[in-house]
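Take a look at the structure set out below.
Keep in mind it's a predicted model, so treat the numbers as computed, not measured.
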Amino acid sequence: MNPVPFTTLAAAMDFVVGDRNYPLSELFMKGGFIMWPLLLLSIAGVVVLVMCCFSTRASAVLPTKLVEQAESFIRKRDYTGLSILCKNGDSCYARVMLTVANFMLRNPSAQFEEVREIASAEGGRQAGFLSRQISWLSDIGAVAPMLGLLGTVVGMMKTFFEIANGDFSGGKQRIDMAGGVAEALITTAGGLMLGIPAILAYVYFRSRVHKRMGDLEAAVTHSVSVVATQLQKPRVGAAGAFHEEELPKVPVDPTSLRDVRGL
């Protein structure tokens with residue numbers, strides 16, 4: 001593998017002042033101990049970003065093929081098959097319909113309002129899970145600048161304590177003081193470099209989650225309406241006949257009955 005692109009990338013990431021380059025590793029060490037929490041936050045941010053990319057993709061929220069298969073099971077009133085199908089499907093829609101299928105298996109005579117409430121509650125739980133996941137990006141974007149500011153304040157406090165102790169009395173000492181202030185500001189820059197991308201990622205994924213949840217709500221509403229349609233139809237037994245309680249009541253004329261008394 002050619003190392004030239006990596007060398008070029010590393011050089012492009014250096015901080016250049018006049019004729020001098022400051023590598024990121026050198027800036028990191030000059031930033032003090034606050035740079036280590038910022039490094040851990042950056043690693044956590046990358047992990048959360050990858051998780052959000054996978055959990056908010058279309059196939060993880062609303063797979064089209066699964067929706068079609070689920071509707072076919074609902075129309076056949078095969079809630080056992082629907083439950084098995086949804087157990088094998090790792091998506092938000094599958095988890096919502098699995099809850100509906102299990103509820104219908106436990107309550108065959110359930111009303112439409114009850115089914116709708118069950119689906120709505122599970123759908124809200126899935127939406128809350130995705131919202132909490134992307135909110136971690138917002139938390140990182142808020143905490144990182146605060147840590148950077150803390151590092152700057154600590155660095156400035158050290159510098160002014162040295163001034164108060166008379167350590168910066170000559171010209172060279174004033175130059176050293178300016179260098180100390182610059183080093184203190186490194187943490188603020190590091191916090192902003194982490195916080196700004198985290199906030200931008202949060203804004204993007206928030207919009208993506210809203211779109212996915214809108215599509216999921218529409219699909220679940222359609223599926224629940226199909227369940228309601230099937231609930232309104234008469235049940236059919238194993239041999240294809242209606243249950244006894246669902247047979248129509250036909251009035252009988254007493255005069256048409258044959259008197260069988262005495263037989």
**Message:** If you compare all heavy atoms of Ser83 against all heavy atoms of Asn102, which two are closest, and at what distance to 0.1 Å?
**Reply:** OG-OD1, 3.1 Å
**Joint cluster assignment, Met156 & Met146, ILVMFWY side-chain distance < 4.5 Å** = no
**Request:** Heavy atoms only: give me the nearest Met97-Cys86 pair and the separation to one decimal.
**Result:** CB-SG, 3.6 Å
**Request:** Using a strict cut-off of less than 4.0 Å between a Lys/Arg side-chain nitrogen and an Asp/Glu carboxylate oxygen, indicate whether Glu68 and Lys65 qualify as a salt bridge.
**Result:** no
**Prompt:** Minimum heavy-atom separation for Val96 to Ala119, with atom names?
**Reply:** CG1-O, 3.9 Å
**Message:** With a 3.5 Å distance limit and no angle check, can you tell me whether Ser207 reaches the backbone of Tyr204 through a side-chain donor-acceptor pair?
**Reply:** no
**Asked** Rounded to the nearest 0.5 Å, how far does CG of Leu149 lie from CD1 of Ile34?
**Response** 10.5 Å
**Asked** Quick one: does Ser225's side chain have a donor or acceptor within less than 3.5 Å of a partner on His222's backbone?
**Response** yes
**Message:** If I compare all heavy atoms of Phe205 with all of Leu137, which pair ends up nearest, and what's the gap?
**Reply:** CD1-CD1, 3.8 Å
**Cys92 to Gln126 - nearest heavy-atom pair and separation** = SG-OE1, 3.7 Å
**Request:** Spell out, yes or no, whether Ile140 and Leu192 are grouped together once hydrophobic residues are joined by side-chain heavy atoms under 4.5 Å, including indirect joins.
**Result:** no
**Message:** Under 4.5 Å between side-chain heavy atoms, counting indirect links through other Ile/Leu/Val/Met/Phe/Trp/Tyr residues: same cluster for Val209 and Met51 or not?
**Reply:** yes
**Prompt:** Between the main-chain N or O of Ala219 and the side-chain N or O of Ser223, is there a donor-acceptor pair closer than 3.5 Å?
**Reply:** yes
**Asked** Does Arg57 use its side chain to pair, donor to acceptor, with the backbone of Phe54 at less than 3.5 Å?
**Response** yes
**Message:** So, taking the atom named OH in Tyr93 and the one named CG in Asp215, what distance separates them when rounded to the nearest 0.5 Å?
**Reply:** 13.0 Å
**Request:** Mind checking the OG1-CZ spacing from Thr229 to Phe112? Nearest 0.5 Å is all I need.
**Result:** 8.5 Å
**Prompt:** Is the backbone of Leu39 close enough, under 3.5 Å, to the side chain of Ser42 for a donor and an acceptor to pair up by distance?
**Reply:** yes
**Approximate separation, where rounding is to 0.5 Å, of Leu82 CG and Glu71 CD** = 11.0 Å
**Message:** Rounded to the nearest 0.5 Å, what separates atom CZ in Arg206 from atom OG1 in Thr56?
**Reply:** 14.0 Å
**Prompt:** Does any N or O in the side chain of Ser135 come within less than 3.5 Å of the main-chain N or O of Arg132, such that one atom is a donor and the other an acceptor?
**Reply:** yes
**Complete:** Nearest heavy-atom contact between Leu38 and Ala144 is CD2-O, 3.6 Å
**Donor-acceptor pair, side chain of Ser91 and main chain of Ala60, under 3.5 angstrom** = no
**Message:** Please determine whether the number of non-hydrogen atoms from other residues, nucleotides or ligands lying under 6.0 Å from atom NZ of Lys87 exceeds 12.
**Reply:** no
**Prompt:** Quick one: do Trp36 and Leu147 end up in the same hydrophobic cluster if we chain Ile, Leu, Val, Met, Phe, Trp and Tyr together by side-chain heavy atoms under 4.5 Å apart?
**Reply:** yes
**Request:** Treating Ile, Leu, Val, Met, Phe, Trp and Tyr as nodes and any side-chain heavy-atom pair under 4.5 angstrom as an edge, say whether Leu130 and Val47 lie in one connected cluster.
**Result:** yes
**Asked** More than 12 non-hydrogen atoms from neighbouring residues, nucleotides or ligands closer than 6.0 Å to CG on Asp78, yes or no?
**Response** yes
**Message:** Using a 3.5 Å distance criterion without hydrogens, assess whether the side chain of Thr152 forms a donor-acceptor pair with backbone atoms of Thr187.
**Reply:** no
**Message:** I'd like to know if the side chain of Thr99 and the backbone of Arg95 have a donor-acceptor N/O pair within less than 3.5 Å.
**Reply:** yes
**Message:** Can you confirm whether more than 12 heavy atoms, excluding those of Gln69, are under 6.0 Å from its CD atom?
**Reply:** yes
**Request:** Please confirm whether the backbone N or O of Val224 pairs with a side-chain atom of Arg116, one donor and one acceptor, at under 3.5 Å?
**Result:** no
**Request:** Please step through side chain to side chain contact (heavy atoms under 4.5 Å, CB included) for the pair Leu41 and Val143, ending with a clear verdict.
**Result:** CA-CA 9 Å; Leu41 270 183; Val143 172; 3.8 Å; yes
